Amino acid sequence: MAAFKRKRGAHATAEKTAKKVKFVVDDGNTEQDAVNEIVVPAPVSMGKWTNKERVLIFSSRGINFRTRHLMQDLRTMMPHSKADTKMDRKDKLFVVNEVCEIKNCNKCIFFEAKKKQDLYMWISNCPHGPSAKFLVQNIHTLAELKMTGNCLKGSRPLLSFDPTFDKEPHYALLKELFIQTFSTPRYHPKSQPFVDHVFTFTIADNRIWFRNYQIIEEDASLVEIGPRFVLNLIKVFQGSFGGPTLYENPSFQSPNLHRRQLRLAAAAKVREKQTLKEMQKVKRTAAKEDLETDVTADVFLTPAEDKPACIQTEPPEPQAGKKHKFKPSKRQRQQMARR
């Protein structure tokens, strides 16, 4: 066994050094060929796994199915990740550092669920920090999106960042944290030596939008694969899962406050409808009282013309032009016919 180790070490040292290679140049003259020597430099990398970043991805109890699928998608995309059982909600967050030490991980993505509807993501550099806490919104998993793209499992991704990450200090810190967490180390045993997808981190509306695209060889265009989610930054801490606060997002609004504002707005709409109904009811009752003593009823009363009073004491004279014609009845006509 010792001899095998010595031979293996000698072979490795021989590969690291430069090699001299002889080659023959054929000029068509078979009698004498020119023999030259060239020096082939040693390879830059020997294919060793030097950047041993390991990411622990797990969650607390109480997460829903969408969060569980998102966590599984992240583990599939990141071959340098490890999994662990769910942590009890009664435990403090400092316990995560001990779990990372047991799992031999120096990075951690922890999903914390609250009230069975709010999801928080912790990205931390264990055990010394820094760490960042985000509110995860608009989650769409791989199975839910049903995108047309497809990439090789275990391939190393390209990381694309918004130019805003280089302008502000807290975004620069988050950029370095994302690079160390989401980038697959070179020559990782579970990774593939191909680059065929891109992780994009875009800043819009004071939020970080995560997208995953596949690189198509034909025209170098991008096709979205998924998953996709939005990270709303809450705080950046100096330590791992705690410590002094380095940055706090002033535009962050908690989900409880947001739901309270929605309830207040809905209650205000209901109160507005009730007051409108009461006003209409008051108007109707006031209109009925006015109709009993209608002022406009005298508009249609027109006084008659004044005529002089004339009392006739004698009967009117008969008209001479008209003569009364005698018309026999039916019975009289029958008697006349019998005669």
Side-chain angles (χ1 to χ4, degrees), residues 55 57-60 62-78 81 107-124 130-147 149 151 157-183 197-214 222-237 241 246-262:
V55 183
I57 302 177
F58 72 117
S59 67
S60 64
I63 61 173
N64 53 7
F65 71 98
R66 182 173 281 109
T67 307
R68 187 171 65 252
H69 283 257
L70 174 64
M71 190 167 53
Q72 188 61 37
D73 293 342
L74 290 178
R75 290 172 182 169
T76 305
M77 291 188 306
M78 302 164 62
S81 63
K107 298 290 185 298
C108 180
I109 298 178
F110 178 69
F111 291 95
E112 184 181 8
K114 291 185 179 179
K115 295 186 176 181
K116 295 183 179 181
Q117 53 184 347
D118 300 331
L119 179 64
Y120 297 92
M121 177 192 286
W122 287 83
I123 300 179
S124 174
S131 60
K133 184 180 180 181
F134 303 92
L135 175 66
V136 188
Q137 300 171 333
N138 300 333
I139 299 175
H140 297 280
T141 59
L142 279 170
E144 184 180 358
L145 286 175
K146 295 181 180 178
M147 295 293 184
C151 66
L158 292 175
L159 269 65
S160 174
F161 290 92
D162 193 90
T164 315
F165 278 96
D166 299 328
K167 296 180 181 178
E168 298 185 15
H170 62 281
Y171 281 139
L173 177 62
L174 290 178
K175 178 181 178 181
E176 185 62 29
L177 193 62
F178 289 154
I179 290 174
Q180 296 182 13
T181 304
F182 287 95
S183 61
H197 63 287
V198 183
F199 291 165
T200 61
F201 298 88
T202 310
I203 297 176
D205 194 17
N206 293 325
R207 291 171 174 82
I208 301 173
W209 301 68
F210 176 84
R211 295 291 185 270
N212 183 19
Y213 297 96
Q214 179 196 0
L222 299 178
V223 177
E224 187 174 358
I225 304 173
R228 58 164 68 170
F229 52 88
V230 179
L231 299 177
N232 192 358
L233 178 63
I234 302 175
K235 285 183 179 181
V236 178
F237 299 96
F241 296 96
L246 299 179
Y247 176 78
E248 184 175 0
N249 189 4
S251 61
F252 173 73
Q253 186 179 22
S254 65
N256 295 329
L257 181 60
H258 180 65
R259 285 190 290 268
R260 182 173 181 272
Q261 290 180 353
L262 292 179

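Just so you know, these numbers use all the heavy atoms, side chains as well, and skip hydrogens, waters and symmetry mates. The model shown is predicted, which means the values in this text are computed figures rather than measured ones.
- Note: Tyr247 and His170 have parallel aromatic rings, judged against thresholds of 30 and 60 degrees for the angle between ring planes.
- Side-chain atoms of Met77 and Cys151, non-hydrogen and from C-beta on, never get closer than 4.5 Å to each other.
- Among the candidates Phe58, Phe241, Phe110, the single residue satisfying the ring pair (Phe, Tyr, Trp, His ring centres under 6.0 Å) test with Trp122 is Phe241.
- Within the model, atoms CG of Leu174 and CD1 of Ile179 stand 11.0 Å from one another, a figure rounded to the nearest 0.5 Å.
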Could you tabulate the donor-acceptor pairs under 3.5 Å formed by side-chain atoms of residues 132-140, not counting sequence neighbours?
unit_1: Gln137; atom_1: OE1; unit_2: Arg207; atom_2: NE; d: 3.1

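- For Asn249 (side chain) and Leu233 (main-chain N/O), a donor-acceptor pair under 3.5 Å exists by modelled atom type.
- Scanning all heavy atoms of the two residues, the minimum distance from Tyr171 to Phe165 falls at O-CD2, 3.2 Å.
- Contact check for Leu70 versus Phe229: side-chain heavy atoms found under the 4.5 Å cut-off.
- Leu159 CG to Thr200 OG1: the interatomic distance, rounded to the nearest 0.5 Å, is 9.5 Å.
- Between atom CD of residue Glu112 and atom CE of residue Met121 there is a gap of 12.5 Å, rounded to the nearest 0.5 Å.
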Trace of the side chain to side chain contact (heavy atoms under 4.5 Å, CB included) decision for Lys114 with Leu119: CA-CA 6 Å; Lys114 291 185 179 179; Leu119 179 64; over 6 Å; no
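- A donor and an acceptor atom, one from each side chain of Ser254 and Asn256, are nowhere located under 3.5 Å apart.
- Here the two rings, on Tyr120 and Phe111, have centers that are 6.0 Å apart or farther.
- Rounded to the nearest 0.5 Å, atoms CG (Leu222) and NE2 (His197) are 12.0 Å apart.
- In this structure, Asp118 pairs ionically with Arg259, as a charged nitrogen and a carboxylate oxygen lie closer than 4.0 Å.
- Here the straight-line distance linking atom CG of Leu231 with atom CD1 of Ile123 works out to 6.0 Å at 0.5 Å rounding.
- Using a distance-only test at 3.5 Å, with no hydrogens or angles considered, a donor-acceptor pair links the side chain of Asn64 to the main chain of Thr67.
- Between Glu248 atom CD and Ile234 atom CD1 the span is 9.5 Å, to the nearest 0.5 Å.
- Remark: the backbone N or O of Met78 is paired with a side-chain donor or acceptor of Ser81 at under 3.5 angstrom.
- With hydrogens and angles disregarded, no donor-acceptor distance shorter than 3.5 Å links the side chain of Asp162 to the backbone of Thr202.
- Side-chain contact check for Asn206 versus Phe252: every heavy-atom pair is 4.5 Å or farther apart.
- In this structure, the side chains of Lys175 and Asp166 come closer than 4.5 Å at one or more pairs of heavy atoms.
- Counting only N and O atoms by type, the side chains of Asp73 and Thr76 include no donor and acceptor under 3.5 Å apart.
- Here the side chain of Ser60 pairs a donor or acceptor atom with the backbone of Ala113 at under 3.5 angstrom.
- Closest non-hydrogen pair, Tyr213 versus Ile225, comes out as C-CD1, 4.1 Å.
- Nearest approach of Leu173 to Pro130, heavy atoms of both residues: CD1-CG, 3.8 Å.
- Side-chain contact between Gln214 and Glu224: absent, with no pair of heavy atoms (C-beta onward) separated by less than 4.5 Å.
- Defined by atom type and a distance below 3.5 Å, a donor-acceptor pair is present between the side-chain atoms of Gln253 and Gln261.
- Phe201 has its ring centre no less than 6.0 Å from the ring centre of Trp209.
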